[in-house]
Number of protein chains: 2
Amino acid sequence: MSRRTRSDSSLQGIPEATIARLPLYVRALYALADRDIASVSSEELAAAAGVNSAKLRKDLSHLGSYGTRGVGYDVDYLIYQVSRELGLTQDWPVVIVGAGNLGRALANYGGFASRGFRVAALLDADPLVIGSVIAGHRVRAADEIERVVADSRVMIGAITVPAIAAQGICDRLVAAGVTSILNFAPVVLNVPDGVDVRKVDLSIELQILAFHAQRRSVVQVLHRGERDAGVPAGNGISGRTGRALALNGDGQVAAEAVGT
Amino acid sequence: MSRRTRSDSSLQGIPEATIARLPLYVRALYALADRDIASVSSEELAAAAGVNSAKLRKDLSHLGSYGTRGVGYDVDYLIYQVSRELGLTQDWPVVIVGAGNLGRALANYGGFASRGFRVAALLDADPLVIGSVIAGHRVRAADEIERVVADSRVMIGAITVPAIAAQGICDRLVAAGVTSILNFAPVVLNVPDGVDVRKVDLSIELQILAFHAQRRSVVQVLHRGERDAGVPAGNGISGRTGRALALNGDGQVAAEAVGT
DNA sequence: CCGACTTTGTGCAAACGTTCACAAGGGCGT
DNA sequence: ACGCCCTTGTGAACGTTTGCACAAAGTCGG
């Protein structure tokens, strides 16, 4: 036993999938707390977070035994425990590089300040933008990256610059000592070991949506086709899938023709 | 065999994980095409996309056999095949509800128009914003959701309104016939079966980063602690983890004291 | 104080995803 | 035409994640 007070499981090995869901639980818990709900069952909390209750219980069990059998979880207590596990009980200064639309959105983002994150500085390379005030922050020159990181003990950087500039900014952030990077630019960043990069990509999410939407159309059309004995209908669901049909009716052969 | 011209694998069952990576490959392929590279090996493409080459090959194998052994993949041909699979060869009108910072960022997003997505309309509820022009679109009233969806055959909606308003907008989009929703608001949306929701959450990504950053700090501090024979050092790495230490040195007991 | 009821925490099996390692297959030099 | 060499496509092993189903453990009414 010795000095291992921490719940054993938490130091080594909370599954990545679990970690990705913890923020969901924190948010759902805060919503409950706002409604003055003091206690919640795994079933209710799971519903509020949009997951399955067995998964929720298993996730929480990785942090420790914070529930009471027959009763549920104490909302405030669980908020504290999950927040602590995520590191939200401490203060995280973040530097945002790129004061374009996304950088501004981020600086103005409400969930930002409310969970321990604080905008240490908002930087940009454009002389026209430098000096203007956005979300209460005077935009500073991108040249000041190193100074800002050092002065404010920044450990997290958000990159919201155009794709072409992202790797350069990333290199400077890393050189200045930033070890966690949130990348909004649509490029794959190269970083040394020990630096953690997560990316948020609007375009990728849209493309995934498009895939499923297309698949729904195709399936509908195929069902219709089977019923109609194999002749692809010229007009699927109210005309929306016109081009999809042209491509998917015999995609393979069309592809061969185009590609080779 | 009959009428199953499509590559067998593609109609039912491309793994979700594969689909999530296809946009990455498309992007990397376009970057290669821009540099006039006509052919690429799985090793090179994997490096460009930031994945392992075996994974890339397996992913592509789900779409069909589009490579040439001993040579690699034809860049243009592969772009076409992957794009078609994702549904990017057709036109996707998107309605953006919420013309705040995020909505504007989205409307201005370059990767938006370039991959078959088109802003059908940009809506907002604020009378001060309605009528202004953003990214070439005159902002229209949020009341017009139904009309816009019907007139432009919109199948994808992006929700960039405050959390409190998101569910209402979502309901109206769904009622109007939208079946794919990209949600930027930090809430869990309730939708009927058959509607596909994806969420992008800046705050969640930050929290995951914070978790890993904290874990790095804690590990460092613990190593230091072991070396120093068990007494938690008052100051971990250059003072940055002051509060983390207070919490993690004996987190369990501190938690009990606070929580109950 | 006890027994019925509720809900947590978890062993287990199935589904899913990743990685290795190599056979199959195609180009290219001779 | 042949054989070498290179790279794809994939079977098989491994690891991770999910979900079921239930024992363990607590509350609460009588």
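Chain A is the first sequence line, chain B the second, and so forth, proteins listed ahead of strands; every chain is numbered from 1.
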For the student: nearest non-hydrogen atoms of B/Ser39 and B/Val71, plus distance
OG-CG1, 3.9 Å
May I ask you to verify if any side-chain N or O of B/Ser41 is less than 4.0 angstrom from the OP1 or OP2 atom of D/dT7?
no
Return the minimal non-hydrogen interatomic distance between A/Gln214 and B/Arg84, and the atom names on each side.
NE2-O, 3.2 Å
Quick check: closest heavy atoms across B/Pro23 and A/Ile204, and the distance to 0.1 Å?
CB-CG1, 3.6 Å
Roughly how many Å is it from CG in A/Leu22 to P in D/dT17, rounded to a whole number?
13 Å
Atom CG of B/Leu60 to atom P of D/dT8: distance rounded to whole Å?
9 Å
Interatomic distance, B/Leu56 CG vs C/dC20 C1' [rounded to whole Å]
16 Å
In 5'-to-3' order, the base (B), backbone-only (S) or no-contact (-) status of each nucleotide in nucleotides 20-29 of chain D, using a 4.0 angstrom heavy-atom cut-off, is BB--BBSS--
I want to check a possible cation-pi pair here: B/Arg115 against B/Tyr30, using under 6.0 Å from ring centre and within 45° of the ring axis as the test.
yes
Between atom NZ in A/Lys55 and atom C1' in C/dT7, what is the gap in whole Å?
20 Å
Taken to the nearest whole Å, NE2/A/His62 to P/C/dT10 is 9 Å
Would you tell me whether B/Arg216 and A/Ser180 have side-chain atoms, one donor and one acceptor, within less than 3.5 Å of each other?
yes
Distance check needed: C/dG25 P versus B/Tyr66 OH, whole Å only.
19 Å
Please determine if a side-chain N or O atom of B/Tyr73 lies less than 4.0 Å away from the OP1 or OP2 oxygen of C/dG26.
no
Under 6.0 Å between ring centres, would you say that holds for B/Tyr66 and B/Tyr73?
no
Roughly how many Å is it from CG in B/Asp74 to C1' in C/dG26, rounded to a whole number?
15 Å
Rounded to the nearest Å, what distance is computed from the CG atom of residue A/Leu63 to the P atom of nucleotide C/dT10?
12 Å
